[in-house]
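In listed order, ligands and their atoms are each counted from 1. Heads up: numbering here begins at 1 and tracks the sequence. Because only heavy atoms are used, hydrogens play no part in the values below, and waters and symmetry mates are left out as well, while side chains stay in.
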Amino acid sequence: MSDVRKESKEKLLFVIQKHDSRNLHYDLRLESEGVMKSWTVPKGPSMDPKTRRLAVPTEDHSMSYNDFEGVIPEGNYGAGTVLVWDKGMYTSTKDDGSTFADSLEEGHATVLLEGEKLKGRFALIRTKRGWLFFKMKDEFALSGSDILSDKPDSVKTGRSLAQVNEQESPSEMRDFQ
Ligand code: MN
C-alpha cells in the first residue's frame with residue numbers, strides 16, 4: 001500500500017488522560033504546531049468501529065502536561081484525579097500533503113495511532129451535532145470490545161484512579177482541562 005508515504009510522515013505525540021472531575025471523562029490530545037489539540041470524550045474511546053463517541057473540543061494544552069498524573073485540588077479548574085490512560089505517537093494519514101491542522105479545519109481528520117492501548121486508524125469528524133471520534137475498520141478493530149473496562153489503568157504507572165487519588169498529594173495545575 002502506501003508504506004513509503006506513511007513513513008515519510010511526521011510522527012507526533014498523542015496522549016489520552018482519564019480524568020475524574022465533575023464527571024469521569026477521557027481527554028484526547030494530539031500534538032499540532034507545538035501544542036496539544038484537545039477534546040473531551042465523555043464516554044471514552046472504543047476499538048469497535050460501530051461505536052462513535054462524541055468529542056467536545058477544549059482549550060489547547062501545553063505539551064508539558066502530557067505526563068501529568070495526579071490530583072488537582074478543589075477550587076481549581078479540572079479539580080479531581082488524572083491518570084495517563086494511553087500515550088504514543090501518531091501520524092496524520094491523509095495522502096494529499098495536508099497537515100493535521102489542515103484536516104481539523106476541514107472537519108475531517110484521520111490518524112494512525114501507535115499507543116499502548118489504541119492502535120490503528122481513527123477518525124475525528126465534525127458533524128452538525130459536534131465532533132465524533134471513532135475507530136476505523138482495520139486489523140486492530142475489535143467488534144464488541146470494551147477497552148475502557150479491559151484496560152482501565154495508567155500506562156505510565158499501572159495505577160487505577162483510586163490508587164492515584166490515594167497516593168498523590170494535590171498539585172496545582174494551571175488551566176488543566
Ligand atoms: Mn479533563
**Asked** Would Lys18 count as a cation-pi partner of Tyr26, with NZ or CZ less than 6.0 Å from the six-membered ring centre and within 45° of the ring normal?
**Response** no
**Message:** Can you tell me if, anywhere in Thr40, an N/O/S atom lies at a distance from the Mn ion (ligand 1) that is smaller than 2.8 Å?
**Reply:** no
**Prompt:** Strictly by modelled atom types, are Asp27 and Thr40 linked by a side-chain donor-acceptor pair under 3.5 Å?
**Reply:** yes
**Request:** Starting from the Mn ion (ligand 1), look over the N/O/S atoms of His19 and name the nearest one.
**Result:** ND1
**Request:** Report, rounded to 10°, the angle at the Mn ion (ligand 1) between the two atoms OD2 (Asp27) and NE2 (His25).
**Result:** 100°
**Prompt:** Just checking, any donor-acceptor pair under 3.5 angstrom between side chains of Arg129 and Thr127?
**Reply:** no
**Asked** Checking Arg53 against Phe133: charged group under 6.0 Å from the ring centre and within 45 degrees of the axis?
**Response** no
